[in-house]
Amino acid sequence: MIQRIHGRHAFSTLSRDGRRIRRSSLWCSWCPQPSSNATRVAYSIGRACGPAVTRNRLRRRLREIVRHLDQREPLPPGLLLIGAKPTATELTFDQLRTEIEQLLRAATSTPTST
């Protein structure tokens with residue numbers, strides 16, 4: 001089940017303890033929370049990505065992709081912040097889905113070494 005991230009505490013936990021992954025047009029911070037029962041997600045799409053209409057369209061597309069991936073295979077419980085670079089607005093829906101899948105696979109896999 002996907003929920004929204006609320007409150008400053010969750011964002012400070014993400015910035016302090018989150019695992020950061022970057023791809024060509026998207027990035028994410030992931031912080032597992034085994035004691036939780038849901039994945040909480042937020043989106044960061046800055047003004048550099050375009051006017052509000054463009055940013056909102058991109059956010060809706062990303063939200064739908066994450067929702068669909070969670071239905072197919074539930075995401076592990078934790079905090080997830082997904083951000084976009086300006087080039088993300090030029091990607092097709094399938095290209096966005098591929099990048100999100102790569103991000104989530106890299107973020108939720110256990111690190112090999114520290």
Side-chain angles (χ1 to χ4, degrees):
M1 175 159 70
I2 295 178
Q3 299 175 354
R4 290 183 177 180
I5 292 179
H6 293 288
R8 182 174 286 175
H9 178 69
F11 286 103
S12 52
T13 300
L14 269 169
S15 81
R16 184 182 62 248
D17 302 328
R19 183 175 181 193
R20 292 161 193 82
I21 290 87
R22 289 178 175 80
R23 293 290 180 250
S24 62
S25 297
L26 300 173
W27 56 269
C28 78
S29 288
W30 165 254
C31 186
Q33 293 188 319
S35 61
S36 176
N37 61 353
T39 303
R40 296 182 352 185
V41 182
Y43 300 91
S44 173
I45 302 171
R47 288 185 180 173
C49 289
V53 172
T54 303
R55 296 192 311 266
N56 289 337
R57 183 181 312 124
L58 178 59
R59 185 177 295 110
R60 285 191 304 268
R61 292 168 84 191
L62 294 174
R63 191 181 301 134
E64 178 60 24
I65 290 167
V66 171
R67 185 190 67 76
H68 177 73
L69 292 175
D70 184 58
Q71 285 179 345
R72 195 172 70 191
E73 182 179 335
L75 298 171
L79 301 173
L80 178 64
L81 175 63
I82 298 175
K85 299 176 187 175
T87 55
T89 60
E90 301 166 6
L91 298 179
T92 65
F93 191 83
D94 289 334
Q95 290 170 326
L96 282 172
R97 183 175 55 228
T98 301
E99 282 215 20
I100 289 283
E101 287 173 343
Q102 291 172 354
L103 278 175
L104 293 179
R105 195 174 311 117
T108 57
S109 67
T110 55
T112 53
S113 64
T114 335

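We use all heavy atoms of the structure for the numbers below, so side chains are in, but hydrogens, waters and symmetry mates are not.
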Tell me whether Ile45 is reachable from Leu104 by hopping between hydrophobic residues (I, L, V, M, F, W, Y) whose side-chain heavy atoms are closer than 4.5 Å.
yes
Show me the side-chain donor-acceptor pairs of residues 3-13 shorter than 3.5 Å, one per line, residues at least two apart or across chains.
| unit_1 | atom_1 | unit_2 | atom_2 | d |
| --- | --- | --- | --- | --- |
| Ser12 | OG | Arg8 | O | 3.1 |
| Ser12 | OG | His9 | O | 2.9 |
| Thr13 | OG1 | His9 | O | 2.9 |

Just by modelled atom types, is the Gly18 backbone N or O under 3.5 Å from a matching donor or acceptor in the Arg20 side chain?
yes
Ion pair present between Glu64 and Arg61, side-chain N to carboxylate O less than 4.0 angstrom?
no
Within a reach of under 6.0 Å around CD of Glu73, are more than 12 heavy atoms found that belong to other residues, nucleotides or ligands?
no
Can you confirm whether Asp94 sits close enough to Arg97 that some side-chain heavy atom of one is under 4.5 Å from a side-chain heavy atom of the other?
yes
Could you tell me whether the side chain of Arg19 and the main chain of Ala107 form a donor-acceptor pair under 3.5 Å?
yes
Straight-line distance of Leu69 CG to Leu103 CG, nearest 0.5 Å:
11.0 Å
CD of Gln33 to CG of Asp17: how many Å apart, nearest 0.5 Å?
9.5 Å
How long is the span from the OG atom in Ser24 to the CD atom in Gln95, to the nearest 0.5 Å?
9.0 Å
Say you draw a straight line from CZ of Arg67 to CZ of Arg60; how long is it, rounded to the nearest 0.5 Å?
14.5 Å
Closest non-hydrogen contact found for Cys49 with Thr89 is O-CG2, 3.3 Å
If you count heavy atoms of other groups shown closer than 6.0 angstrom to CZ of Arg47, is the number above 12?
no
Is Phe93 reachable from Leu58 through a run of I, L, V, M, F, W or Y residues, each pair having side-chain heavy atoms under 4.5 Å apart?
yes
Distance (rounded to the nearest 0.5 Å) between Arg40 CZ and Cys31 SG
10.0 Å
Check the pair Leu26, Leu62 against side chain to side chain contact (heavy atoms under 4.5 Å, CB included), reporting the backbone distance first and the verdict last.
CA-CA 10 Å; Leu26 300 173; Leu62 294 174; 4.2 Å; yes
Check whether any side-chain N or O of Lys85 sits under 3.5 Å from a backbone N or O of Trp27 as a donor-acceptor pair, and report yes or no.
no
If you look only at distance, which donor and acceptor atoms sit under 3.5 Å apart when one is on a side chain in residues 74-82 and the other is two or more places apart or in another chain?
none

Verify the cluster assignment for Leu96 and Val41: are they in a single hydrophobic cluster under the rule of side-chain heavy atoms below 4.5 Å apart?
yes
Value for CG (Asn56) from OH (Tyr43), rounded to nearest 0.5 Å, stands at 13.5 Å
Specify the closest pair of heavy atoms between Arg23 and Ala106, including all atoms of both residues, with the distance to one decimal.
NH2-CB, 3.6 Å
